[in-house]
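Values reported hereafter were calculated over all heavy atoms of this structure, with side chains retained and with hydrogens, waters and symmetry mates removed. Just so it is clear, the structure is predicted and the values come from calculations on it, not from any experiment. Per chain, numbering begins at 1; letters A, B, ... match sequence-line order.
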Protein chains: 2
Amino acid sequence: MSTLKTETRAVEISSLSDGEDHSGCHALLEVLDRIGDKWTVMVVGVLAKGPTRFNAIQRAIGGISHRMLTRTLRGLERDGMVERRAFATIPPKVEYELSPMGRSLVSPLDTLMGWAQAHRPTIEVARSGFDDRSD
Amino acid sequence: MSTLKTETRAVEISSLSDGEDHSGCHALLEVLDRIGDKWTVMVVGVLAKGPTRFNAIQRAIGGISHRMLTRTLRGLERDGMVERRAFATIPPKVEYELSPMGRSLVSPLDTLMGWAQAHRPTIEVARSGFDDRSD
DNA sequence: CGGAATCCAGACTGATACTG
DNA sequence: CAGTATCAGTCTGGATTCCG
C-alpha cells in the first residue's frame, strides 16, 4: 500500500461554502447517514477486496455481532451498494460483493481517509490540550 | 456554483481495500465519528463561509436546538477544527471560525458531496426497488 | 446573548435463542 | 451457515430551565 499515483478528473465545484442548504448539502447528509454508523465503512473496506461470504466478513472485522452484520449488509444492499448472491446448497452459502456504485464510493472514502491520517496527530494534540484546559 | 474545472493532484493509494485493519481505517472511523452525527457537517458548512456568531449559526441552519449547537461547537473546538472568540461585551458576543485544519476538511468533504450528488438518484431507485421487492 | 444542567423519549446495539 | 426475533442496556437528541 501507499504507492503514489497521479489522477486527473473533472470535478464539480459546488462547495459546502456555497449557497444555503442546497441539494448538495442534503445529499451529503444522506450519505453520512448511511456510512456514518459504527460498521458500514469497515464492511465496505472488507468487500473492497472482493466478494466475501457472510462469516468471512464477520471474522475479517472482528467484534461485530451476527445481527449487526446482517443489518449493515441489508442497508447497503437496499441502497444498491452491495449485491447479494445466495446459493441454495447445504449448508447455505451467501456471497456479498460491492456493486459498481459501491466501488465508486471507495475513492472518495479514501480521500477522506487520507485527510484523517494526515491530521490525526494534530487532532490528538488539540484534544489533549482542550481537555487539560478544562481540568 | 457548479462550474467545471480540471483538477490534477497526487493521491496516496492506501485504500480501504488494502491490508487488514491498519491505521488508515481506524483514522477514518474516528473522523466519521466526529462528523457523522446529525449536525456537525452543517455547522462546518456554515462556518466555511466565514466567522459567524452563535445565534447566526443557529438561524442559518434552522431546526438545531440551542443545546445541540453548543455541543457540536464544543466538539469541533475540542478537536481544533474551530476557533472560538468571546467578547466580554454586554450583551456577550461569541464568534466561531474554522481553523486552518477545519478549512482543510472542507475539500475532502466536497469530494464526498460530489459523489453523493452524482449517485443520489441511483440510490433512490435502488432503495424503492428493494422496498418494493420486500412488500 | 451565550452557555450549562437536568430530565426525558426514542433510536441504536448487542447478547441470546430459535429457524431453514 | 445464514438469518430472524426478542429483549435489555446504552446513547443520542431535544425541551426546559437557570446562570453569566
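- Closest heavy-atom contact between Leu47(B) and Tyr96(B): CD2-O, 3.6 Å.
- Here Arg53(A) reaches the OP1 or OP2 of dA2(D): one of its side-chain N or O atoms lies under 4.0 Å away.
- Residue-to-nucleotide contacts include a donor-acceptor pair under 3.5 Å from the side chain of Arg67(B) to the base of dT6(C).
- Heavy-atom minimum distance, Arg34(A) versus Leu76(A): CD-CD2, 4.0 Å.
- Taken from CG in Leu109(B) to OG in Ser104(B), the straight-line distance is 10.5 Å, to the nearest 0.5 Å.
- Of the two residues near DNA chain D, Arg71(B) and Glu95(A), the one whose nearest nucleotide lies more 5' is Glu95(A).
- Comparing atom distances between the Val94(B) side chain and each of dA4(C), dG2(C), dT4(D) picks out dG2(C) as nearest.
- The separation between Leu73(B) atom CG and dA4(C) atom C1' is 14 Å, rounded to whole Å.
- Rounded to an integer number of Å, the gap from CG of Asp33(B) to P of dC11(D) is 13 Å.
- Spacing between atom CE of Met68(A) and atom P of dA11(C) amounts to 15 Å, rounded to whole angstrom units.
- Rounded to an integer number of Å, the gap from CD of Gln58(A) to P of dA2(D) is 9 Å.
- Here dT4(D) presents its C1' atom at 14 Å from CG of Leu69(A), a figure rounded to the nearest Å.
- The heavy-atom pair separating Glu83(A) from Ser99(A) by the smallest distance is OE2-CB, 3.4 Å.
- Protein atom CD1 of Ile90(B) is 11 Å distant from nucleotide atom C1' of dC1(C), rounded to whole Å.
- Ala116(A) approaches Leu28(B) most closely through the heavy-atom pair CB-N, 3.9 Å.
- At whole-Å resolution of the value, OH in Tyr96(A) and C1' in dA2(D) are 7 Å apart.
- Nearest to the side-chain atoms of Ser65(B) among the listed nucleotides dG14(D), dA2(D), dA4(C) stands dG14(D).
- In this structure, CG of Asp37(A) is placed 10 Å from P of dG14(C), rounded to the nearest angstrom.
- Along DNA chain C, the nucleotide closest to Trp39(A) and the one closest to His66(A) are compared, and the more 5′ of them pairs with Trp39(A).
- The shortest distance between the side-chain N/O atoms of Lys38(A) and the OP1/OP2 oxygens of dC11(D) is not below 4.0 Å.
- At a threshold of 4.0 angstrom between heavy atoms, the contacts of Phe87(A) with the nucleic acid are absent.
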